[in-house]
Every structure is written in structure tokens, then in C-alpha cells.
Amino acid sequence: MTSINVDDPIELRDGSIYQFVARFGSVIRLRNTATSETQDMHIAELSQQVVGLPQAFPEIVRRFENLPDKTRAAAVTMADHLAEIETGVNPGRAERRPEYDIEKTTQNERVAAKVQELQKNGQAASRATVMRKLKAWREDGASALADGRAQRSDPPLKNINPDVYDALCAVIADQKNRSTGTKSRLIAETAANLVKWHGAEAPDMPSNATMYRYIDLLTKGKHTTGSASTRRSLENRPKRVFNTRMELLPGAEVQVDSTTLDILVKSPSGEPVRPILTVLLDRATRLVLAFTLRLVAGKAVDHVALLAQALTPPQNRPNNAVFREMVQRMNPSVTLMSAEERREYEQSRPFVHPRCIVMDNGKDFISEAFRAAAEMHGVDIRYSAPHTPTGKPLVERNFGSIDSLLLQYRYGYVGRSPEFRGYKVEREELMDIYALHELLDDWFLKVWNHRPHGGLRDLMHPENKLTPYQMFAAASRLTSNLETTFTGDDYIAMLPTMYRHVTDTGVTINYRQFDAEGLDPLRNTKSDLRRRNGRHEVKLDPYNPVKAWVADPKGGWIECTVRNEDALFYPHLEDNDFTLTDAETDRGDVAAVTAALAGAPLHTAIESTPNLPSTDPTDPTDDDDDDVIYVLD
């Protein structure tokens, strides 16, 4: 530690000179030599204000810890030799040697013995060298013995010509929107810039090896010779210090975005298609509040349904267990949760009411329909800066998690770019869009919500990662507000709307016929909707296409089921007693499912099977003229 001689004048940082007067514990009394005024100052403040104090922790000590292991070990070994000269004891040896006994030898004798020992071990050492190192060791310790060449800290661009530096920086900045090139292109364009700017007075270009080193330094983290999309994204980031903001209240900020998934699914026409996923992610808990899956770009009405999902817990939505069972049978490569298991997870799923949604400036998001739905339910809208993914980074990162934790293990995965795509992926056993939707829904409930997240940390013990469920439980204690959820009728009201006539056979939507006993008073009647030509309002859930809901004039909704619902499972019965070839089975399956869903006659002949509907025209239950006809051999 350093000390102050109280007999000497004490100069402070403000330029004034003081003389020590007295000390009272940790308080020092000083007298100004110019004004003779006295001032009391704590020793801690005096240590900061006094001028001329040596550095208590020299910079050389900090650099010593960062030296290579070999250099640091050599310095420590030399320090042990010098300690043996000074004290007679070598810390690296257990025994004491007589030639270094401080009671029987002089310092000159010990130095001579050490020089002889070092030379014998192959080290070039003289008496002057040992004495110089002994002096440095006494003043600054082992850190002063390190090889000075290893402690140099010259700037890496110290010797670059300023004109070359300016030209190279201009070339690197110009790469933002260009196709990615190599470093040699950057060097050639730098040379061209020098000639363009300075003509015959242009400085000479450094060697290629030196230019490569300069390019590596100036392009670090910019992806100048890497991914073009990443390079543009980084260039669009604000040029300022980034602030870390934490949300502790669930729903205070919810981020939404869409992406095309890196997986192929079967479209209704049978063609392989990459679906588009839209996710609503809570910032505070990382919970996925809702998501939609489409084969084409989402529209405003799809995002309204997204908001309806977020505001309606699964318990209040229409039961889709029948449809999930059909999806499971038609996609044997996909394993969905059973109805009982899923019910348990749904009961424990937290409900988060979105208060503010952060989105980009896509036309589907800035539509009046979505804004009106959000404002109606007290949800604020905030738009991120254009071309700035950092405005909603969490939902962007969530897409990568879905890709690496789920999709890469499924048939149809195509990788993140063409170079990672497999051979003829479209010929694999692809799942359909409904199976992928239910698989994602199960994965969010069972895996994602219970998986420790690196962005969710215990504030007191940040080494402990929390799951979204645990974070929600901790955050829920911070607020006393109890947000209510949508009921089943509220959820249905926000589903996509269409208008249809109610006939003797119910309503027809997308070639499917839906019917229910509750439609009896509405059959062949006109609604009060004059602008809809007397057609009735109908709601359809795109992720539960076996049910539709017709507006009841008395209030509420009439739930209708697709006609011949039981026939949906016919091609997948396990107790059939007939045998067909694979091709015939596929054709029979497709024909039966198409007929059942569309309500059209079945034209493909199939084998006889038990429990078929009666075709007797005198059957009293046979009151429709569009029943599916099964042609028997």
C-alpha cells in the first residue's frame, strides 16, 4: 500500500495545496496553504483527490494474468531463483542448498552461484542480467520478469495507410446489398478505389496476406463474406447501444411473427408444400399463447383467429377429440397425445391475457380487421422498426427452437437452406397440415412449456434456468388483477365467417355438409341479414373442419357436425376382414374419405364390410336422397 508523508505539501486534483494538521480517526484535517482555511476530509475521499500517488495495482500485473502459460511459467520459475538469492529458500525446492545460505554467503557469492547454475541449465545469463532481474523482481514481483515481447499491445491497424484504410472501409460498407463475394474481390475493389480517388498519387497496396488480416479485423461480426441475408439484417440494426429490457408481468409484451417452416407437408391436392407458421409469444414467460398454420400467406382474418386462441383457454373451445382421432389414423407416422393425457396438460396450461402486441409492418398485421379486434379486447398494438428483426427477437428465436427441437426429427424436413436439403425429401412419408398443427399444439403443451429456457433465470441465482410454467407461477404473484377468459361462444364468434342457406340437408361449406337437429327451425328459411340475401351466418374453425356453427336467431350458436361423420374412420378400421393390394387400398381410402367429407356418392367399388348403413329404400331412417352408396360385389 502507498502512504503520504504528512510533512510534505499535499496537492489535490483541483490544484489547491494543503498541509496536514491533524487526524481524528478516519477524518483528516488539512489547511489550505494559500487561504489558511481548514478542511476536514475522510481518508477515502482523500485517496481519490490527492495527486501523485503511485498506481496501487500496476497494469503489468493485470497483463501478466493474460500471458501465455509458457511465458507465465518461465517468469514464475525465474522468480523462484531470485527468491533463493534473496532469502536462501527456493519455493520450488523442498531442501535448502548451502551455496545459498544467507548466513554463510554474501549476496555476490549467491548471485555468482545462480549465474553458474542457470548457465549449466542452458540459460544465457550473466551477472548483469541476474542483478537487473533481481531489482525488477524486488519492485514489481514475478510479473516484471515476463518476456516483454509477449506483453506488447500495439493496435492491430497501427501501420495501415490512412488512404488504404478509408478505401477498404468504403468497400466493406458497399457490400450490404450485393451478392456475397470473396476477400480477393474486396482487395481488388480497394485498389480500384485508391486509383479512383488519388490517381497517380495512390499509395501502394499492402501484400495480400496483410490485406487478409486487415479484412478479418474490419469485417468481424459483419458477415461481409458470409450470409447475405444475415449481413443485411445486421446492417439494418440501429447504430446505438442496445438496452436490455426485462418484462416481469405476463402479457405486458407479446410478440407475433410469421415464418415458412423448414418441413414439407401434404396439401389437400397431394402436393408437398412448406406451411407458414404464425406464433404469438409472451416476452415475460416465453409461453406460446397461440399459433396458426397455413398453406398460404396468412390474412387478417387468420390473425383475428390467432387472437381468439390467445383469449380462450382450451377448456372453453369446442372439443376436437373426434377430429384428432381421425388425424391420428390418417397419419400413422405421427404420435399425438391421447385425449386423457392432453386434458391433464390443458388443465395446467397458464392463461395469459395479452396487453400489448409487438408486430412488424406486414399488410396482414396492420389491417383494420386485426386492429379493430385488438382494440375491442383492450390489446395495444406496437409496430417494430422496418427491416429490424431485433424489434421482436424472442419470437424470431422461437422459430429456430421449433426447427431444431421438433421438425428436424420428422419426415419431410428440408433444412434451413438448399445446401442442407436431402435427396427427394418430397417422397418421404409426409404428414398432412392437420397432423402438423396437432403435433405442434401437443409439443407446446407437453415439451416447450416445461423445458428450462436460457432466457428465464432466477434473479437471485441466475445460474438456475426456469421453465415457462415456473416463470409464470413466479410472475403471477406480482399482480392482483384477475383477467377473465373468453367463453366458448366468444371463441366461436371470432372464427372466420361465411354465409350459407340452411336446406333440408343442413349447410354446405367447402363441399362438406353439416347438419344438426337444432337447424330444424331454420331449414329453408331466410335470415334477417338483408345484405346477405337471406343467408345465415356460419362459423368454421380451420383446425377442426368436422364441425360448423350456425348463428341461432335466439342467441348463441348451433353446433353442426359433418354428415356421415362415422364414415371418416371407415378406411382405417382395424377389424376389417378383407384384403386388398396397397394400390387398391389407397384408392379405396381416398375415395371413402372424399365421399364422407364431401357428402358425394362413392363411385369406387370396395369390398363388403360389416355394419354398413342400410340401403333399403323402405328403411324409415333413410330420409335423404344423397346418402353414400356402397357398391357391393
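Salt bridge Glu426/Arg421: present, at least one basic N to carboxylate O contact under 4.0 Å. Using a cutoff of 4.0 Å between basic side-chain nitrogens and carboxylate oxygens, Asp69 and Arg72 are scored as salt-bridged. By the 4.0 Å N-to-carboxylate-O rule, Asp380 lies too far from Arg355 to be salt-bridged with it. Of the charged side-chain nitrogens involved, none lies within less than 4.0 Å of a carboxylate oxygen, so that Arg324 and Asp441 do not count as a salt-bridged pair.
Going from atom CG of Leu264 over to atom CE of Met431 covers 10.5 Å, rounded to the nearest 0.5 Å. Interatomic distance, CG of Leu406 versus CG of Leu439, reported as 5.0 Å (0.5 Å rounding). Atoms CG and CG, from Asp262 and Leu407 in turn, are 7.5 Å apart once rounded to the nearest 0.5 Å. The distance from the CG atom of Leu430 to the OG atom of Ser267 is 10.0 Å, given to the nearest 0.5 Å. Taking NZ of Lys446 as the start and OH of Tyr345 as the end, the distance is 5.0 Å to the nearest 0.5 Å.
Looking at Thr312, its side chain never comes within 3.5 Å of a backbone N or O of Asn316 through a donor-acceptor pair. Between the side chain of Arg382 and the backbone N or O of Val358, no donor-acceptor pair lies under 3.5 Å. Side chain of Arg512 to main chain of Pro545: a donor-acceptor pair is present (N/O by atom type, distance under 3.5 Å, no hydrogens or angles). Asn331 contributes a side-chain N or O that, together with a main-chain N or O of Asp432, makes up a donor-acceptor pair within less than 3.5 Å. Judged by distance alone, with hydrogens and angles left aside, the side-chain atoms of Gln255 form a donor-acceptor pair with the main-chain N or O of Val395 at under 3.5 Å. A donor-acceptor pair under 3.5 Å is absent between the side-chain atoms of Arg283 and the main chain of Lys392, judged by distance alone.
Residues Leu280 and Gln309 have side chains not in contact (no heavy-atom distance under 4.5 Å, counting atoms from C-beta outward). The shortest distance between side-chain heavy atoms of Asp541 and Lys547 does not fall below 4.5 Å. In this structure, the side chains of Thr225 and Ile215 stay at 4.5 Å or more apart for every pair of heavy atoms.
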Going through the distances and angles, do Leu405 and Val447 end up as a side-chain contact (heavy atoms from CB on, under 4.5 Å)? CA-CA 10 Å; Leu405 298 177; Val447 179; over 6 Å; no
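Taking both residues in full, the closest heavy atoms of Lys465 and Gly454 are given as CD-CA, 3.7 Å, listed atom of the first, atom of the second, then distance. When all heavy atoms are compared, the tightest approach of Ile263 to Arg410 is CD1-CB, 3.8 Å. The shortest non-hydrogen separation linking Asp403 to Tyr413 is OD2-OH, 2.7 Å.
For Ser179, the side-chain contact (heavy atoms from CB on, under 4.5 Å) criterion is met by no residue, not counting sequence neighbours. Applying the side-chain contact (heavy atoms from CB on, under 4.5 Å) rule to Arg427 yields the partners Lys424; only residues at least two apart in sequence or on another chain are considered. With sequence neighbours excluded, the residues satisfying side-chain contact (heavy atoms from CB on, under 4.5 Å) with Asn398 are Val279, Leu281, Val288, Ile402, Trp448.
Screening His223, Arg231, Arg185 against Gln175 for a side-chain hydrogen bond (donor to acceptor under 3.5 Å, both in side chains) leaves a single residue, Arg185.
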